[in-house]
Amino acid sequence: MEHSKIINDIEKVHEIIENDWNEQLLFLKALGSFKSTLGNEKGVQSFIQEHLDDMNLKTTSFDPDPKRLSSYKNFGHPEWSYEDRPVVVGEWESEGAKIGKSLILQGHIDVVSAEPEHLWDTDPYNPTIRDGKMYGRGICDMKSGVAAMIYAVNAIKKAGIELGADVQIQTVIEEECTGNGALALLDKGFVADAALITEPTELKLIKGQVGVLWVRIKVKGAGAHVERAERAQNAINKAVYLIQALDEYREYINNRPKHSYYTEHPHPLNVNVGVIKGGDWPSNVPSECTFEARVAFYPDQDPGDIQKELKEWILNAAKRDDWLKENPPEVTFYGFSAPGFTNSADVELFESISAAHKLTTDEEIETVAFTGTTDIRAFEEFGIPSTCYGPTGGNMHGPNEYIDLKSLKTATKTISAFILDWCKVRQ
Ligand SMILES: [Zn+2]
């Protein structure tokens, strides 16, 4: 980055980012106004594709085909259709001999539900700016990152700079449930020398992440009218008993020796019961109750082994209950079956982003191990060095999710400087 020509280019690009800031905010607001929950991603993806077309990128979009993807280790098991749920890529092809390295900038546009919406101070799908923050579902995770990477590329184009290698902008679905969107683009051949996902990392670099799986536990009871309840078996009560067993499992896995990336973390492995369904009438004893949970595990553990261990744990707990012993719960897995990931070899990528961050903020970058999952694991499966870097926000997956706008501008500038350094600039 010491080369003065590139410093001039970076300054020029950063000035354009400043000048286009209001436009970037409007673009982010527009992204946030799409309720792009599972199954509803088409609108925002078409909007993005049109925007990339307008930037003169070569765009492609298609619906993922789970049959093509099922042999990848990062494949997640869907229970839904992929019709009209496209992934999008915009390619900026470099003309002439390659003098830098090619790059994928990737972001997911799927968001989790904003329910219960009455807990929000503002409409989750009408993004609102207050005190330097923009509020809305998905604004932090991660539509702001999508806006950042698009406006970083936009500024470089507007500056009239020709890059020395190809850049792709990829927007994907299902980061929040399977990771199959990211896999679909890689599987179709949209690869590069490195990938940056602009997840909201508080301007830090991700050097690793835990593995994540989803489990569904279906409990049977013996239903009856409540006045004969002593002969009935209440499925909700039995589910509560198994949820307690899951709490004990969480303590058990967090008390095991920690993975070296997580030794400083007091409680790195979360187990979360996110869904429970059972019963339909206060005076009925429910005959069925189903709950679903998200379970984390360390990067050096295999998802299949954890599924086995977890299933045994639940079935062993069931054996200690007279009813469940005879009527064991059904334990199944769907959605995430995501291995963890650690990153240490990709020194060049880290150095380039770190230098861009330093140049933009005048501060040294921090690296962190993440206690959730992101799509970087898909790039790892394809042998593509990757990490996450993006803005700072809060209340992800909860009410009043927001992004700090100052950090978003910083992230946009860092990303642009990184692109120039990584792909190199033609003289
Ligand atoms: Zn995310």
Side-chain angles (χ1 to χ4, degrees), residues 28 31-32 34-41 44-45 48 64 74 76 85 87-88 104-114 124-125 127 133-150 169-186 195-214 270 272 274 294 296 335-341 343 368-380 386-404 407-408 411-412 415:
L28 175 55
L31 293 183
F34 289 96
K35 189 175 176 176
S36 49
T37 47
L38 201 159
N40 305 304
E41 306 93 338
V44 73
Q45 288 289 59
I48 290 170
N74 280 287
R85 303 182 53 224
V87 290
V88 172
I104 292 167
L105 298 162
Q106 195 252 43
H108 67 88
I109 52 74
D110 53 318
V111 300
V112 297
S113 154
Y125 299 107
K133 297 179 176 121
M134 191 188 288
Y135 291 84
R137 170 53 82 234
I139 290 298
C140 177
D141 184 15
M142 61 166 280
K143 289 174 172 173
S144 53
V146 169
M149 69 190 192
I150 290 176
I169 291 176
Q170 301 186 347
T171 58
V172 302
I173 64 168
E174 294 210 353
E175 191 273 347
E176 300 286 4
C177 55
T178 60
N180 293 346
L183 278 179
L185 277 168
L186 289 163
L196 172 66
I197 302 183
T198 53
E199 288 272 10
T201 63
E202 306 181 339
L203 304 174
K204 293 172 187 166
L205 273 179
I206 298 289
K207 64 170 181 178
Q209 61 188 26
V210 296
V212 169
L213 61 81
W214 282 4
N270 255 316
N272 179 65
R294 171 265 197 205
F336 279 128
S337 168
F341 171 74
N343 215 337
V368 285
F370 186 46
T371 55
T373 186
T374 73
D375 278 334
I376 50 176
R377 59 199 166 82
F379 293 101
E380 193 253 344
S386 62
T387 186
C388 298
Y389 173 92
T392 306
N395 300 335
M396 281 198 282
H397 294 220
N400 301 323
E401 175 181 351
Y402 68 88
I403 199 72
D404 172 78
S407 76
L408 175 57
T412 309
I415 294 162

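We count ligands from 1, going down the list as the structure has it; atoms in each ligand are counted the same way. Note that the structure is a prediction, hence the values are computed from the model and not measured. Along the sequence shown, residues carry numbers from 1.
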Do any N/O/S atoms of Asp141 come under 2.8 Å of the Zn ion (ligand 1)?
yes
Tell me whether Glu176 has at least one N, O or S atom under 2.8 Å from the Zn ion (ligand 1).
no
For the Zn ion (ligand 1), the nearest N/O/S atom on Glu199 is atom OE1
Describe, in one word, how the ring planes of Tyr402 and Tyr135 are oriented to each other, choosing from parallel (under 30°), tilted (30 to 60°) and perpendicular (over 60°).
tilted
Can you find a side-chain donor-acceptor pair between Ser407 and Glu202 that sits under 3.5 Å?
no
Only one of Ile109, Ile169, Leu28 passes side chain to side chain contact (heavy atoms under 4.5 Å, CB included) with Val146; say which it is.
Ile109
If we count only N and O atoms by modelled type, under 3.5 Å, do the side chains of Glu199 and Thr374 hold a donor and an acceptor together?
no
